[in-house]
Asks: 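First, the structure itself, so that you have it in front of you.
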Amino acid sequence: MPDDLRPQIPLLIELLAAYNIPTISHAGWEADDVIATLAKRAAADGFEVRIVTNDKDHRQLIGPHIKLYNIRKMRLMDEQGLQEDWGIRPDQVIDFQSLVGDSVDNVPGVPGIGPKKASMLLHHFHTLEGVLENADKAPGKKLAESLKEFAEQARMSRRLVTLNTELPIEIDWEAARVREPDWERLHDMFTDFGFRRYAEEARINRPNKPLQASGDVKRHWETVDTPEAFTKFAAVLSQQQSFCVDLETTSTDPLQADLVGWAFSWEAGQSYYLPVDGPAGSKTLKGADVLAALRPILSDPARQIVNQNIKYDLLVLRRHGIQVTGLGVDSMIADYLLDAGARSHGLDELAQRHLHRKTIPISDLIGTGKQQLKMFEVEVDRAAEYASEDADIAWQLAAMLGDRLKQEGLWDLYWNLERQLIPVLVEMEFNGVKVDVGELRRQSDELTIRLDAVMAEIYEIAGQEFNINSPKQLAKILFDELKLPVLKRTKTGPSTNEEVLLRLAPKHRLPAKIIQHRMLTKLKGTYLDALPKLVNPHTGRVHTSFSQVTAATGRLASSDPNLQNIPIRTEEGRRIRKAFIPREPGWRLVCLDYSQIELRMLAHFCQDESLLTAFRNGEDIHRTVAAQVFNVPLAEVSSDQRRVAKAVNFGVIYGQTAYGLAATLGIDPTDAEEFIDDYFGRYSGSSSSSSTRSTVVASLATRRRCSVAVARSTASAHDDS
């Protein structure tokens with residue numbers, strides 16, 4: 001059993017218990033034998049038994065009161081069905097399998113005997129012993145010799161396939177009656193597992209904690225829409241050392257967003273909305289007056305301002321001349337630290353998961369599709385109800401998740417690392433990066449000519465014109481006309497994905513040209529043609545968005561556009577980087593990268609003297625590791641050994657399994673597992689292998705601390721690097 005599967009078995013049993021489904025086992029015996037014992041006992045006690053399985057071994061259990069149900073084909077198999085499929089009776093199943101064998105279960109059987117021959121032999125001689133005793137009467141000399149030569153192998157196979165129907169198991173049929181699941185327990189388990197759909201199902205079915213609709217929650221909100229009311233509000237706000245501020249704006253792009261309203265909360269169930277824009281005739285405050293009055297409060301570093309995804313609000317405020325430095329808990333980031341593997345850390349999801357509340361959907365206010373409204377077109381009263389709820393929920397989540405961070409020992413990670421990174425990212429996103437639009441267009445034009453040439457080559461190699469972007473037409477050319485091997489199939493036919501084309505490339509020129517065409521098309525569409533459209537008209541720069549809560553490993557993610565995956569492995573990809581230029585004359589863009597930071601941290605935590613010495617002396621660390629693990633002199637490390645060590649260095653410390661390493665290197669999983677064991681045994685120090693791995697992986701999050709230091713220094717210098 002793979003190591004990653006082993007700890008899941010107890011969780012499965014716990015899950016079944018939560019469903020109130022009994023689990024029955026017997027030490028030393030397989031589930032097949034337990035099922036066989038249960039089925040025979042149940043039939044003897046007068047039950048009509050249905051065994052849900054596709055396992056052919058269970059056909060030996062078929063009888064007047066026992067049938068098999070194939071869940072894939074949704075079909076029952078009884079004695080008649082067995083006769084139609086194999087041409088035998090249930091009492092002959094064991095003998096049939098003894099002759100045919102089963103490669104999946106390592107049952108050898110008798111070589112040369114398939115289902116038809118086995119059925120024929122049992123029809124004439126009834127049992128395995130009858131067949132073996134009458135081997136000379138079997139049709140064909142070769143078959144007769146095989147029966148004689150492999151008689152003992154057939155008898156051994158019979159013992160292997162025979163299920164035990166007499167295990168000493170105590171059975172309480174009453175305990176097996178269908179009962180209502182423990183929905184509360186299931187909800188908690190599915191939430192922990194990250195199974196969102198099942199968690200939602202359990203949440204709906206919980207009798208004690210149903211989700212509260214927004215209108216059912218007791219809360220109070222005030223709309224502050226007169227100068228007098230705003231003066232009083234500002235005076236009360238100035239007395240708060242911590243509060244939530246949530247902005248309603250005209251755009252999801254913070255650097256092009258204008259303010260529509262402000263929502264505040266500093267007490268659960270109580271919130272305020274300050275409209276500064278709305279439909280014609282609405283009662284609103286003057287935006288400039290609100291900004292002027294709130295600027296000293298929001299800019300005060302002694303206050304702790306919280307919200308969900310507060311980076312967005314900070315960017316909007318920065319655009320309007322307010323720099324916020326005093327930050328508290330961002331509930332989105334807090335939830336990420338508590339459950340990095342969760343699919344979503346959005347406010348709606350967190351409200352349901354932690355507060356058991358449904359929030360007002362934004363679609364209820366602005367609609368969807370072509371008729372979708374802008375936020376300033378929404379009636380002020382409705383906008384106030386929506387925005388004030390968001391602020392109230394964010395305030396409650398910040399308090400709740402902040403406490404959980406402290407309970408789980410993650411407070412320092414949030415307070416000293418993730419929180420400090422937020423203003424750094426704000427600075428980076430606000431500054432953006434300048435691009436040479438003319439250079440991008442020149443490259444796009446050149447690539448258009450290049451693509452036409454590659455397409456002409458493809459048609460020439462194929463001997464005909466076809467739609468290169470049609471998988472069906474491409475498959476016909478590759479597999480029907482060029483007779484290349486089909487390596488993978490999909491529901492619609494042979495696959496022509498990149499993996500398949502890469503494997504076919506050494507066999508023919510066409511797959512390689514198709515890969516080249518796809519690569520150039522992606523470069524043109526994703527970067528050369530797309531980047532100019534993403535230039536902010538107000539700044540003349542491209543402003544990406546960095547996410548702290550996307551990658552489970554702790555790395556930052558970049559989007560709109562993704563500037564972290566500009567290609568570099570091809571000449572065409574490297575040329576795209578020429579379009580990124582300094583925003584001021586005489587400035588330079590500087591590219592820095594950590595030198596094998598993960599491995600340096602590994603060396604620090606395991607304190608292996610060889611690794612430490614290798615880094616201090618500037619040696620090839622992959623070659624050093626290969627020499628140690630393969631136990632060969634440094635000078636004799638082969639390129640293959642270094643390749644293996646490099647794959648392990650960058651894969652295993654992040655939790656790559658033996659199966660994953662085997663797939664990466666094209667080696668046997670057993671060899672990969674042995675290499676991993678040797679690796680962690682070599683670098684475990686005084687700790688166990690598993691604890692070393694956990695320590696190293698967990699500590700890789702501190703890489704972000706170095707990022708903060710570098711980013712903060714460059715941001716303070718107003719440098720584009």
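Just so you know, these numbers use all the heavy atoms, side chains as well, and skip hydrogens, waters and symmetry mates. These numbers were taken from a predicted model, which means no experiment stands behind them.
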Asks: Between W266 and Y272, is the ring-ring contact (aromatic ring centres under 6.0 Å, His included) condition met? List the steps.
Replies: CA-CA 10 Å; W266 54 83; Y272 305 84; 5.0 Å; yes
Asks: Would you mind checking if E571 and R574 are paired as a salt bridge, meaning a charged N to carboxylate O distance below 4.0 Å?
Replies: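 A salt bridge is present here (some side-chain N lies under 4.0 Å from a carboxylate O).
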Asks: Do side-chain atoms of S299 reach the backbone of P296 as a donor and acceptor pair under 3.5 angstrom?
Replies: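 Judged by distance alone, no pair lies under 3.5 Å.
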Asks: Just checking, any donor-acceptor pair under 3.5 angstrom between side chains of H543 and D560?
Replies: no
Asks: Could you go step by step and tell me if D445 and R442 meet the salt bridge (Lys or Arg N to Asp or Glu O under 4.0 Å) rule?
Replies: CA-CA 5 Å; D445 293 341; R442 283 191 294 275; over 6 Å; no
Asks: Quick one: pull up CG in D277 and OG1 in T250 and give me the separation to the nearest 0.5 Å.
Replies: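 Going from CG on D277 over to OG1 on T250, the span is 8.5 Å.
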Asks: Can you find a heavy atom in the side chain of L556 that is under 4.5 Å from one in the side chain of T550?
Replies: no
Asks: Under 3.5 Å, side chain of R319 to main-chain N/O of L255, donor-acceptor pair present?
Replies: yes
Asks: Apply side chain to side chain contact (heavy atoms under 4.5 Å, CB included) to T231 and list each qualifying residue two or more places apart in sequence or on a separate chain.
Replies: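 Applying side chain to side chain contact (heavy atoms under 4.5 Å, CB included) to T231 gives none.
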Asks: Is any side-chain heavy atom of I422 less than 4.5 Å from a side-chain heavy atom of I310?
Replies: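 In contact.
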Asks: Compute the ring centroids of F264 and Y273, then answer whether they are less than 6.0 Å apart.
Replies: no
Asks: Got R600 and S595 here, is their nearest side-chain heavy-atom distance under 4.5 Å?
Replies: yes
Asks: Could I get the full list of ring pair (Phe, Tyr, Trp, His ring centres under 6.0 Å) partners for Y527, not counting sequence neighbours?
Replies: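 Partners of Y527 by the ring pair (Phe, Tyr, Trp, His ring centres under 6.0 Å) criterion come out as none, since no residue qualifies.
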Asks: Determine whether T570 and R575 satisfy the following criterion, side chain to side chain donor-acceptor pair (under 3.5 Å), listing intermediate values before the conclusion.
Replies: CA-CA 9 Å; T570 62; R575 286 186 64 205; over 6 Å; no
Asks: Is the Y414 ring parallel, tilted or perpendicular to the W411 ring (thresholds 30°, 60°)?
Replies: tilted
Asks: Please report the C-alpha distance between E349 and R353 in whole Å, then the side-chain angles of each, then the deciding distance to 0.1 Å, and finally whether the salt bridge (Lys or Arg N to Asp or Glu O under 4.0 Å) criterion is met.
Replies: CA-CA 6 Å; E349 168 69 20; R353 196 188 324 151; 3.4 Å; yes
Asks: How many angstroms lie between CG in L317 and CG in L314, if you round to the nearest 0.5 Å?
Replies: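 Answer rounded to 0.5 Å: 6.5 Å.
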Asks: Decide yes or no on side-chain contact (heavy atoms from CB on, under 4.5 Å) for W262 and D313, but give the supporting numbers first.
Replies: CA-CA 10 Å; W262 304 65; D313 303 273; over 6 Å; no
Asks: What distance separates R419 CZ from L413 CG, expressed to the nearest 0.5 Å?
Replies: 12.5 Å
Asks: Taking S344 for the side chain and G346 for the main chain, is one N or O donor matched with an acceptor at less than 3.5 Å?
Replies: yes
Asks: For H345, what residues pass the ring pair (Phe, Tyr, Trp, His ring centres under 6.0 Å) criterion, not counting sequence neighbours?
Replies: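 Expected list: Y336.
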Asks: With the threshold set at 4.0 Å, does a side-chain nitrogen-carboxylate oxygen contact exist between E429 and K311?
Replies: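 Looking at K311 together with E429, the answer is yes, because their closest N to O distance falls below 4.0 Å.
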Asks: Checking side chain to side chain donor-acceptor pair (under 3.5 Å) for the pair E201/N205: CA distance, chi angles, key distance, verdict?
Replies: CA-CA 6 Å; E201 176 185 310; N205 285 284; 4.9 Å; no
Asks: Does R318 make a cation-pi contact with F430 (under 6.0 Å, within 45 degrees of the axis)?
Replies: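 Verdict for F430: a cation-pi partner in R318.
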